[in-house]
Amino acid sequence: MDIHTDHPRRKSLASRQKIVDAQAAGMLADSALIAHGRGEAFDYLLGEKTIDSARQSQREAVNRLFSAQEPVISMNGNSTILAGKNAVRLAALTGSKLEVNIFYRTEKRMNLLLEKMKFMKDEVMASRPPKRFTVVEWKQLVSQVEILGAHQDSLIPGLEGPRARCCSGGIFQSDVILVPLEDGDRCQALISMSKQVIVVDLNPLSRTSRFATVTIVDEVARAFSTMTDMAVEGKGDPDMDWDNQSVLESALNAIGNSAHRISELDD
Ligand code: PTJ
């Protein structure tokens with residue numbers, strides 16, 4: 001689909017098209033478009049931009065990934081399509097593993113998504129390195145990113161069915177896990193395993209947002225793009241007094257205030 005370069009809703013329409021195409025290719029869950037639409041509605045109310053509290057959460061997330069012993073970034077269908085390449089970059093920069101792990105699990109979807117992630121990894125390896133890295137250094141760093149998910153040999157305790165499955169060398173043994181667009185039960189189950197759980201979710205009221213250790217209330221593509229830039233800037237220390245409740249309150253305030261900025265919004 002051709003979207004004119006100065007169309008006011010260009011980014012939103014382009015993301016929507018990516019989801020539609022990936023759905024047609026069999027990579028996404030049946031409900032992927034519904035989930036995306038729900039996200040769009042919250043994003044509209046947030047002004048389709050990264051609010052300050054989300055930026056703070058992103059910095060905190062990057063710091064925690066850097067400081068972890070076993071950091072893992074878990075990728076589902078929607079996040080692979082919208083943010084897969086920056087997930088590879090973020091994994092390379094922070095020394096994280098990537099695990100394809102989906103809620104609505106079928107063998108076919110797993111294989112397609114694993115293929116897609118590997119393809120994106122090759123693209124990132126061949127892409128221009130971020131500042132401070134030579135081409136050779138960047139290739140080497142990206143080549144080390146492990147993409148897991150093909151051999152799910154462990155179960156997340158407390159969950160029933162296929163959604164409990166994960167990799168022993170990935171999600172199961174992680175201490176810090178970034179799970180964009182997670183569901184509430186799994187988020188809670190991961191917390192019960194004493195993991196630090198970082199989520200990306202545009203809905204600050206979701207159970208996932210409320211259970212997580214660090215919640216990033218932002219659109220997943222923007223969130224990964226900003227976190228990648230932050231990771232290029234380098235490490236920082238995690239905040240031991242992190243107040244996740246205030247992040248959720250700030251997001252809710254931003255949504256509540258959207259009525260006052262109607263004149264700034266596009267159609
Ligand atoms: O690939 P699978 O099988 O793991 O399935 C993925 C989906 C997203 C379909 C599945 O996890 C699902 O049904 O999710 P939910 O329960 O609908 O929750 C999705 C949450 O993500 C909602 O709170 C949305 O507001 C939010 N969301 C949707 N799109 C985005 C988003 N948050 C950030 N960025 C988005 N682009």
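Just follow the structure's listing: the first ligand is 1, and inside any ligand the first atom is 1. Counting begins at 1 with the first residue of the sequence.
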Do any nitrogen or oxygen atoms of [X] lie less than 3.5 angstrom from nitrogen or oxygen atoms of ligand 1?
X      : value
Ala32  : no
Asp201 : yes
Phe103 : yes
Tyr104 : yes

Checklist entry - Does the protein place any heavy atom closer than 4.0 Å to atom 11 (O) of ligand 1? => result yes
Can you tell me the protein heavy atom closest to [atom] and the distance?
atom                    : answer
atom 31 (C) of ligand 1 : Leu181 CD1, 3.7 Å
atom 6 (C) of ligand 1  : Asn76 ND2, 3.5 Å
atom 32 (N) of ligand 1 : Leu202 N, 3.2 Å
atom 34 (N) of ligand 1 : Val220 N, 2.9 Å
atom 28 (C) of ligand 1 : Ala35 O, 3.0 Å

Item to check | Among Lys195, Arg64, Lys97, the one residue meeting salt bridge (Lys or Arg N to Asp or Glu O under 4.0 Å) with Glu70 | outcome: Lys97
Item to check | Criterion salt bridge (Lys or Arg N to Asp or Glu O under 4.0 Å) against Glu123, the qualifying member of Arg89, Lys116, Lys85 | outcome: Lys85
Checklist entry - Which heavy atom in His151 sits nearest to a heavy atom in Cys167, and how many Å separate them? => result O-SG, 3.5 Å
Item to check | Exercise: identify the closest heavy-atom pair between Thr106 and Arg109 | outcome: OG1-N, 3.0 Å
Checklist entry - In this structure, are over 12 heavy atoms from other groups packed under 6.0 Å from Asp30 atom CG? => result no
Checklist entry - Yes or no on side-chain hydrogen bond (donor to acceptor under 3.5 Å, both in side chains) for Asp175 and Gln196, after CA distance, side-chain angles and deciding distance? => result CA-CA 6 Å; Asp175 54 344; Gln196 298 177 49; 5.7 Å; no
Checklist entry - Taking the side chain from Lys121 and the backbone from Val88, do they hold a donor-acceptor pair closer than 3.5 Å? => result no
Checklist entry - Are the side chain of Arg186 and the backbone N or O of Ala164 linked by a donor-acceptor pair below 3.5 Å? => result no
Show me which atoms of ligand 1 lie under 4.0 Å from any heavy atom of [X].
X      : answer
Asp218 : 33 (C), 34 (N)
Gly77  : 1 (O)
Leu82  : 36 (N)

Checklist entry - Would Met27 and Leu98 show up in the same hydrophobic cluster when neighbours are defined by side-chain heavy atoms closer than 4.5 Å? => result yes
Checklist outcome for this item: Nearest heavy atom to atom 3 (O) of ligand 1, choosing from Arg38, Arg109, Glu219, belongs to Arg109
Item to check | Minimum side-chain heavy-atom gap Ser15-Leu82 below 4.5 Å | outcome: yes
Checklist entry - Heavy atom under 4.0 Å from ligand 1: found in Asp183's side chain, backbone, both, or neither? => result neither
